[in-house]
Every structure is written in C-alpha cells, then in structure tokens.
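Each chain gets a letter, A, B and so on, in the order its sequence line appears, and its residues count up from 1.
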Amino acid sequence: MADTQAPGRLGVNLSVAAAARFAAPIGLGLVFIAFFIATPDFLTTSNISDLLVSASILLVLAMGQQLVVTTAGIDLSVGSNLPWSAAVLGYAYTQGWGLPAAVSLALLAGLAVGVMNGLLVARLNMTDFIVTLGSLSVVSGLTLLLTSGNTIPVNSDFLRALAIDGIGPVRWFWVLAFLVAALVGFLLFRTRTGTYLLSTGGNIDAARGAGIHVDRMRLIAYASSGLACGIAAVLFVARTGGSDPSLQTDLLLSSIAAVVLGGSSLFGGKASVLGSLAGALLLQSLINGFTLLGISQYYQPVAVGVVVLGAAFISRFQK
Amino acid sequence: MTDTPARVAGEPSTSGSAAPTSPPLVEISGLRKSFGAVHALRGVDLTLADGEVTALLGDNGAGKSTLVRCLTGVHPPDTGQILFRGEPIQLSSPDDARHLGIETVYQTLGLIEDLSVWQNLYLNRELTTGFGPFRVLDKKSMIAESGDILSRLDVNVPNVRATVRRMSGGQRQSIAIARAANWGKTLVIMDEPTAALGVRETAAVEELIRRLRDAAVTVLLISHDMAQVLRVADTAYVLRRGQTAARRTVADATGDELVGLITGAVEGAAHG
C-alpha cells in the first residue's frame, strides 16, 4: 500500500509545480477563452494576425530581457532604448542617409546602450538595477535632445511592406520574432555560451570557480538586450511609420513581465524561451482584447500590473 | 628558482620500480604569504606522497585555506617553493592548477543548482560537436559519460538529467567530489567535505575518498574531525599560526595527540 501513497503525494507536488511552471500558457488559454466568449471580433483571422504582429515587438524585447534575467540581472533601460534606437533610425533617414544605413545605425544605437550597461555592470561591478535605471533616464534625455521631442515620420515603402506583407498568411514580423526567439533558444540551450549564461545567473561564485568568464557573460547578456531593443525599434518604426520619443514606456514592464510569467527566475539561472513567448502573447492579448471590448485604455496598465503581481505570487510555488 | 639542482638525471624508470623512487607528488618548502600586515603563512613545509591521503589540520586561522589557495593558484605565494613531481612550478591562476590535474572541492561545492547533474559534471569542459561558431553541445555523449563517471565512483544518483537542486546534501557532495575526481587526475583537494553531512552520508564520502586512493589519486583532506582523519588519512600535517607544527603518520598517532598538536598543548617538531 506504500506504493499507492508515494505517487499520490508526488502527483500533488507535480500539479502545483506544473501550474507555476506553465502559468503563462495556462493564462494565455484562459484569456483566449474569455475574450472569445466576450466578443466575436477576437478570434478572427485578421485580429489574431494583427495581435501576433504587435506581440512580435514585445517578444523581441522579451528575448533580450530573457538573456539578462538569465544572468540574474535586469535591464530597465529597454524602456528608453527602444525609442532611442527608433529616433536614431528616424534621424538618419530624414538626413537622407538611406534606409540600410539608418537601420544599421538604429541597431548599433541599441547595441551601444546595451554594451555600456554591460561594461558598467560587469567590469565596474555596479548594481544592475541602478545602472539600467540611470541609463533609462540618460538615454531618454538623449532621445529628446536628438528629436527636440518631436515625432519623426519615416516614409519607407520597404518598412511599410515589412509591417504589412509576408509569405502568404505568415507576416514578416512573425518570421523575424520567431528567428530572434529561435536564436536565443539555441544560444541558451544548445551552446557552451548558454550554459555559461545560466551558470553565471545560477551561482556566480561557482561559475567563476569553474573558470567561466562571468564578466564576459554578463556583458554578452546586456549587449544582446541592447541589440534586441534595436531590432524591436526597427519593427516599431515599420509598424507606426515614425519614431515617437514619448511613447512605449509600458514595454519596459511588459518585457520583464513576459519573462517572469514564462517561468524564468528573476534570481537568475533559469530560463524558458517558450514560456517568455507565451508570456508576451498573454500580455499582448490582454491589451488587444481590452481594446476590442472598448474598455478604457487606462485599465491596461492596471491589468498588466495585476498579471505581473499574479505571476510573482505563483512563482512562490515554483521549485 | 633558477634551475633544478636536485633533479636526478634520466627519465623516471619503468613502472615496476617507479613507486619507491619517484618524487612525491607535491613538495612545498618555506612557503610564505602575507596579506598586508597579516602573515597568513610564515613558512610552511609539506609533502604530499603520491597516491596517499594527506590530512591538513589546524585551528581556524592557522593558514589551511591560504595554503590551499596557494596550491590551487588563487593566491600566488610571496616566497617559497612548490615542487610538482620534483619540478618547481608557478601557479598564477586556477587554470594553471587545473592543467596539472589539480582539482578542489570547496565547502560551497561549486555546483549550479538549476543545472542538471551532467551539466555540472561537465561545467566549463563541455563536449561539443560541429566546428567554429556552429559548435553545439554534445548532450548525448555527456549524459552517457556522466553515468559512467558516477558509477565508476559508485555514486548513487538516480537520474543524471535531474537538476542538482533535487539532490540531497550527500548526493551533492558526491557529485562535487566525482567532478573533481574525474578531472583531477593527480590531486584532489577537499575542504571539509563532510562538515554538513549526516552519519550515513559522511560514511559514503569517506568511502569515496578511499576509492580515490585506490585509483591512485592523491588526496589532500582538510578536516576538523579527528576520528575521520584517523579513518581515512595516511599522513597528517598540523598547521599552527601559519607554520607547519607537526607531521604524523596516522597509523602511529592518536586523536588526542592530534588535537594537542592543533591547540599547541603538545609541542611537535616538524618532522620531514
């Protein structure tokens, strides 16, 4: 009879752990069902197609954040790095430097912020929270200086096509977001560098003791997050047709929320690319559904915040 | 440090007569290390015989940890000499020690809890397939060989794919030791390996130490447990205030004598 007891207890433990681990996919399913019941406009081909396009931007940001969180860090600067990279794109484009140069500069601008964060955190051993909070402010100021606070329109047929077209029903945004996610997943779980990133976040002293260059790993993480901001900025400009320096600060919380919802530990060492993907979709679905239902925009940050708090609550039951 | 005067000409002889004539694995003489005004090591002489278990004893602050760090390349010594198989060596980083086959199990174990057992066994020594930037982890080989590594040392870990977080204290200790033993081909240093373990787990670790000795791996064991030293060690060194206070053959020593040497109640001459 002892045999029947053991699996039972294990089953209960597993179900609590599973609920915590799969919070994002479960939440995503619930949100889909709720909105499907609430409005016939939600589960339509065109709405889901648009939903996935807007989720693509958040997903790219979340993938960068995922790498930083994996190393037990946090990148608060994404909130201003995206508008900054978008402004650089707009500025370069209106200066007549051509789209390839403007896009390259935007990617470099994002990367530069990430590298700066990484150097301050890894080399100078400054606290990640303060460093990225500081660069959040510095970079948002730089953006305002560059643009004088004005929106810069970017009229590019290529970018417009990037936002609207695709291969058949598969939109280019999805392809790009999928590639970024696949690349991050491959890096984390199939390469030595991924193991070192996880080790750095999991136990930095042990990683250092094993001869892993933990400073280099943290630099890679922040630089990648910066580059992800650059990529997201290109998508953002393509989608909105310009760079608005005052927008998109809510993407900061959403990018962190997507990662936490996905089951990654904010204390580092644990990562789930699929979980973060589900988390990003969940948050974007909430915003999309609220808009369809005509619920005031002011409720959106409330909903996102509540979901994040819920995720933090559930994560207590992890492990 | 300029040349090797004591080196006997000619190669080490064939295996039959190698054991009695080969130099000790590690020979430390006159080792000194200061941190500012703190003289952590004030002249340590110590010899690790090849294939033996040597215990390193001493009260807190006696210099045990500093000595280990000098031996693993974390702190370069100020003066003094370390001979490895009869040749002087300079250890300026932990990597240097690792290249000589010296591995250390620290009290903190150095395991990554959220990684699997096999990932920990191969940490920073991962096997890969492919070439250049397309190198990917060779998980299959590492998982298969991790099973071999553990079974060779008779370590009982049901699933090498499980994370270390799920392991008991004894299992973790065994994994850390197995990792050190697998890569430490010459010398495995253990810093109080059973300090946090229960009776049964302690016995398992001691059995592991004996198996290492059987496999001709030299072990330097730091321990505060005299009964344990008497059970597993061949030779014991006692450090006191940064100096070698005594060397004892464990078969001829008693626990009380060793405790007396540690506290200074028994005066011991460092016998070479």
Side-chain angles (χ1 to χ4, degrees), chain A residues 6 9-10 13-14 17-18 20-21 66 69-72 182-217 220 224 259 262-273 275 315 317-319, chain B residues 68-69 72-74 93-99 102-140 142-143 161-167 172 175-176 179-180 182-184 189 191:
Chain A
R9 203 177 304 142
L10 194 68
N13 286 341
L14 273 181
R21 203 173 152 203
Q66 169 82 80
V69 168
T70 298
T71 64
L183 200 68
V184 169
F186 177 82
L187 178 73
L188 275 176
F189 303 115
R190 291 274 179 270
T191 69
R192 299 181 75 162
T193 304
T195 308
Y196 303 158
L197 287 167
L198 287 161
S199 304
T200 301
N203 185 341
I204 194 164
D205 292 326
R208 205 182 275 125
I212 292 167
H213 299 283
V214 292
D215 291 350
R216 194 181 300 162
M217 291 306 127
I220 287 174
S224 304
V259 174
S264 302
S265 166
L266 272 182
F267 299 110
K270 262 195 217 170
S272 169
V273 170
S315 71
F317 298 106
Q318 247 168 2
K319 83 193 177 195
Chain B
V68 167
R69 291 201 190 103
T72 54
V74 178
S93 82
D95 277 340
D96 291 347
R98 297 175 79 181
H99 285 306
I102 301 174
E103 286 286 320
T104 312
V105 183
Y106 291 102
Q107 273 176 283
T108 49
L109 298 186
L111 299 174
I112 314 285
E113 296 214 325
D114 285 315
L115 292 185
S116 62
V117 173
W118 66 265
Q119 283 176 304
N120 272 285
L121 286 174
Y122 277 92
L123 192 60
N124 206 15
R125 286 180 162 119
E126 291 84 358
L127 306 177
T128 53
T129 57
F131 55 90
F134 303 106
R135 273 179 198 282
V136 293
L137 296 174
D138 187 358
K139 294 189 180 184
K140 208 187 249 177
M142 287 191 278
I143 290 168
R161 292 162 195 259
T163 58
V164 167
R165 190 179 288 286
R166 298 195 177 183
M167 301 291 146
R172 289 175 196 212
I175 292 164
R179 175 170 71 181
N182 187 55
W183 304 109
I189 302 169
D191 193 352

Notebook entry, point to check: Of the non-hydrogen atoms in A:G202 and B:I112, which two are nearest, and what is the gap between them?
Noted result: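 It is CA-CG2, 4.1 Å.
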Margin query: Ignoring hydrogens, what is the shortest heavy-atom contact between B:L123 and A:A210? Give both atom names and the distance.
Written below: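 Nearest heavy atoms, B:L123 then A:A210: CD2-CB, 3.7 Å.
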Side chain from CB out, backbone as N, CA, C, O: work out which of these in [X] comes under 4.5 Å of a heavy atom of chain A, or both, or neither.
| X | result |
| --- | --- |
| B:E126 | both |
| B:R125 | backbone |
| B:T108 | neither |

Margin query: Checking the side chain of A:N203 only, and the main-chain atoms of B:L111 only, is there a donor and an acceptor separated by less than 3.5 Å?
Written below: yes
Check: Can you find a heavy atom in the side chain of A:T195 that is under 4.5 Å from one in the side chain of B:L115?
Finding: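 A:T195 vs B:L115: side chains touch.
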Notebook entry, point to check: Has A:F267 got more than 12 heavy atoms of other residues, nucleotides or ligands less than 6.0 Å from its CZ?
Noted result: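 Check fails, neighbour count at 12 or below.
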Note to self: According to side-chain hydrogen bond (donor to acceptor under 3.5 Å, both in side chains), who are the partners of A:D215, at least two apart in sequence or on a separate chain?
What the structure shows: none
Next item on the list: Output all residues satisfying ring-ring contact (aromatic ring centres under 6.0 Å, His included) with B:Y122, sequence neighbours left out; order by chain, then residue number.
Entry: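 By the ring-ring contact (aromatic ring centres under 6.0 Å, His included) rule, B:Y122 matches B:W183.
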Margin query: Working to the nearest 0.5 angstrom, can you tell me the gap between A:H213 NE2 and B:N124 CG?
Written below: 7.5 Å
Next item on the list: Dump the intermediate steps for side chain to side chain contact (heavy atoms under 4.5 Å, CB included) on A:R192 and B:L137, then the final yes or no.
Entry: CA-CA 7 Å; A:R192 299 181 75 162; B:L137 296 174; 3.8 Å; yes
